Novice: 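Sending over a structure as structure tokens; questions will come in a sec.
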Amino acid sequence: MKKRLPAFIISAALAFSAVSCGKADSKNKDDANTVKIAYLPITHSLAVLEEAEELEKESGLKVELVKYGSWAELLDALNSNRVDGASVLIELAMKSKEEGIGLKAVALGHRDGNVIVVSNDIGSAADLKGKTFAIPHRQSSHNILLNDALATAGLNIGDVNVTELAPTEMPSALASGQIDGYCVAEPFGAMGVNLGVGKVLFSSEELWEESLCCGLVLTDKFIDERHDDAKSFVESYKAAGNALDKEKAKEVAKKYLNQTDEVLDTSLQWISYNDLDITEEAYNALAEKVKAYGLSDNPPAYADFVKNDF
């Protein structure tokens, strides 16, 4: 018999799927002082959400946050220049760059902050053989982390049944037995743990030190046409990340994510937002994993894709 889900899962799903519309996807004549940034309501986006609160006070530059309910919708807006940038899975942005879209990764979204959650009867990675495991997208660090986890037991991706699910569906899918585990952006791992339907098998840093997941990406159009604004925006963003201690991060998360204190307290144990530069060493390690696990044969080179200075 399927377990009845608490109301907060339903409300969280509704909050996650709500998207901005109208002027969010259109350029207005008075946009010269506005930076439009796309995001999903996840803890991995908190640095840009915090920056939106502070930037206008400091420089007069306004951040217009554009919320989306799926990576596909967000990526479409980013790739078509309907927004100036996004907090996005870095592998998705790498794929767009590989396909000729003008994008630059200018900072990390966060450090660490991913977990592999499994049903309570899974004792080790070896127990995942033949099981069903959910990830949000093939082009994701969550896919890489699953591969890394399986490798600890001498398994590979062919030994499990991989399914792509929306993040909001994963805790309930684990509760109902539809899946046996998942890896996804927070706070949805914490939701499964706090419901008692799953446990953490691995945290990201146990599998992949200095892992890259979400990144802040800007369009080449925005950088080229508004270079000074892009520079101010990135500097403010990194400062906002450095200011996000656990207390401040929870304050921002409660405003934007519509989650319980218990879920946020669990989720924010696993993540940090300081020192958000993308180093060449860390990026090259990501590119090697992307190739090794079949996400891409030709990921963009660091010099072509990453912009750390202005």
Side-chain angles (χ1 to χ4, degrees), residues 40 42 44 70-72 74-75 88-101 103 105 108-118 122 124-167 170 173 179-186 188-189 200-215 217 270-271 278-306:
L40 266 60
I42 53 180
H44 296 186
S70 72
W71 290 121
L74 180 149
L75 203 65
V88 61
L89 291 171
I90 195 166
E91 294 85 359
L92 283 175
M94 291 166 71
K95 194 62 161 178
S96 291
K97 178 69 174 179
E98 184 182 340
E99 294 171 352
I101 302 297
L103 300 174
L108 298 174
H110 57 93
R111 290 191 171 276
D112 301 322
N114 287 301
V115 292
I116 295 219
V117 176
V118 295
I122 299 289
S124 68
D127 294 337
L128 289 172
K129 187 172 184 177
K131 303 295 186 181
T132 299
F133 195 96
I135 56 174
H137 200 285
R138 181 173 178 269
Q139 297 294 333
S140 70
S141 294
H142 310 102
N143 187 9
I144 292 173
L145 289 167
L146 170 59
N147 276 274
D148 282 348
L150 294 171
T152 67
L155 303 177
N156 60 51
I157 204 72
D159 292 314
V160 296
N161 302 311
V162 179
T163 185
E164 291 185 15
L165 288 179
M170 293 189 190
I179 60 175
D180 302 287
Y182 63 91
C183 185
V184 70
E186 282 300 307
F188 300 101
V200 175
L201 186 63
F202 293 105
S203 60
S204 53
E205 62 269 26
E206 292 176 304
L207 296 167
W208 174 13
E209 289 187 12
E210 302 295 324
S211 63
L212 276 63
C213 178
C214 291
V217 174
W270 303 327
I271 195 167
I278 304 173
T279 67
E280 186 168 5
E281 181 181 7
Y283 180 80
N284 288 341
L286 166 65
E288 287 303 314
K289 286 178 180 288
V290 162
K291 290 188 288 186
Y293 293 139
L295 279 68
S296 171
D297 293 328
N298 188 32
Y302 178 86
D304 295 331
F305 180 57
V306 178

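Since the structure is predicted, the reported quantities are computational estimates derived from the model, not experimental observations.
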Novice: Ignoring hydrogens and geometry, is there a side-chain-to-backbone donor-acceptor pair from His44 to Gly113 under 3.5 Å?
Specialist: yes
Novice: Measure the CG-CD distance between Asp112 and Glu209 for me, rounded to the nearest 0.5 Å.
Specialist: 9.5 Å
Novice: State, without any angle test, whether Glu206 and Ser203 hold a side-chain donor-acceptor pair at a distance under 3.5 Å.
Specialist: yes
Novice: When you measure from the side chain of Glu91 to the backbone of Val290, do you find a donor-acceptor pair of N or O atoms at a distance under 3.5 Å?
Specialist: no
Novice: Between atom CG of Leu286 and atom OG of Ser211, what is the distance when rounded to the nearest 0.5 Å?
Specialist: 9.5 Å
Novice: Could you walk me through whether Phe133 and Leu128 pass the side-chain contact (heavy atoms from CB on, under 4.5 Å) test, one step at a time?
Specialist: CA-CA 8 Å; Phe133 195 96; Leu128 289 172; 4.3 Å; yes
Novice: State, yes or no, whether a side-chain contact exists between Val160 and Asp180 at a heavy-atom distance under 4.5 Å.
Specialist: no
Novice: Would you find a donor on one side and an acceptor on the other, under 3.5 Å apart, between the side chain of Tyr182 and the backbone of Phe188?
Specialist: yes
Novice: Between Gln139 (side chain only) and Leu295 (backbone N and O only), is there a donor and an acceptor less than 3.5 Å apart?
Specialist: yes
Novice: Taking only residues at least two apart or on different chains, which pairs with a member in residues 295-306 satisfy side-chain hydrogen bond (donor to acceptor under 3.5 Å, both in side chains)?
Specialist: Glu98-Ser296, Tyr302-Asn308
Novice: Which pair of heavy atoms, one from Gly189 and one from Trp270, lies closest together, and at what distance?
Specialist: C-CZ3, 4.3 Å
Novice: Hey, does the side chain of Asn114 reach the backbone of Ser204 with a donor-acceptor pair shorter than 3.5 angstrom?
Specialist: no
Novice: So which heavy atom on Ala93 is nearest to which on Val217, and how close?
Specialist: CB-CG2, 3.8 Å
Novice: Hey, does Tyr283 have a side-chain heavy atom less than 4.5 Å from the side chain of Met94?
Specialist: yes
Novice: Identify every side-chain donor-acceptor pair in residues 144-159 under 3.5 Å, counting partners at least two apart or on other chains, and give the distances.
Specialist:
{"unit_1": "Asn147", "atom_1": "ND2", "unit_2": "Asn143", "atom_2": "O", "d": "2.9"}
{"unit_1": "Asn147", "atom_1": "ND2", "unit_2": "Asn143", "atom_2": "OD1", "d": "3.1"}
{"unit_1": "Asp148", "atom_1": "OD1", "unit_2": "Lys289", "atom_2": "NZ", "d": "3.2"}
{"unit_1": "Asp148", "atom_1": "OD1", "unit_2": "Tyr293", "atom_2": "OH", "d": "2.6"}
{"unit_1": "Asp148", "atom_1": "OD2", "unit_2": "Lys289", "atom_2": "NZ", "d": "3.0"}
{"unit_1": "Thr152", "atom_1": "OG1", "unit_2": "Ala149", "atom_2": "O", "d": "2.6"}
{"unit_1": "Asn156", "atom_1": "OD1", "unit_2": "Gly158", "atom_2": "N", "d": "2.9"}
{"unit_1": "Asp159", "atom_1": "OD2", "unit_2": "Asn156", "atom_2": "N", "d": "2.9"}

Novice: How about Glu164 and Ile135: do any of their side-chain heavy atoms sit closer than 4.5 Å?
Specialist: yes
Novice: Going by salt bridge (charged side-chain N to carboxylate O under 4.0 Å, His left out), name the pairs with one or both residues in residues 124-143, residues two or more places apart or in two chains.
Specialist: none
Novice: Which heavy atom of Ser70 sits nearest to which heavy atom of Leu40, and what is that distance?
Specialist: O-CD1, 3.8 Å
Novice: Please test Leu207 against Ile116 for side-chain contact (heavy atoms from CB on, under 4.5 Å), starting from the C-alpha separation and ending with a verdict.
Specialist: CA-CA 10 Å; Leu207 296 167; Ile116 295 219; 4.2 Å; yes
Novice: Any non-hydrogen side-chain atom of Leu75 less than 4.5 Å from a side-chain atom of Ser96?
Specialist: yes
Novice: Less than 4.5 Å apart, side chain to side chain, heavy atoms only: is that true for Pro299 and Phe305?
Specialist: no
Novice: When rounded to the nearest 0.5 angstrom, what is the spacing between CG in Leu212 and CD1 in Ile90?
Specialist: 5.0 Å
Novice: I want to check something: taking the side chain as every heavy atom from C-beta on, are Cys214 and Val88 in contact at a cut-off of under 4.5 Å?
Specialist: no
Novice: Test side-chain contact (heavy atoms from CB on, under 4.5 Å) on Ser140 and Trp71; report intermediate values, then the result.
Specialist: CA-CA 11 Å; Ser140 70; Trp71 290 121; over 6 Å; no
Novice: Report yes if some heavy atom in the side chain of His142 is under 4.5 Å from a heavy atom in the side chain of Cys213; otherwise report no.
Specialist: yes
Novice: Taking C-beta and beyond as the side chain, do Arg111 and Ile271 meet within less than 4.5 Å on heavy atoms?
Specialist: no
Novice: Give the C-alpha distance, both sets of side-chain angles, the deciding distance and a yes or no for side-chain contact (heavy atoms from CB on, under 4.5 Å) between Phe202 and Cys183.
Specialist: CA-CA 10 Å; Phe202 293 105; Cys183 185; over 6 Å; no
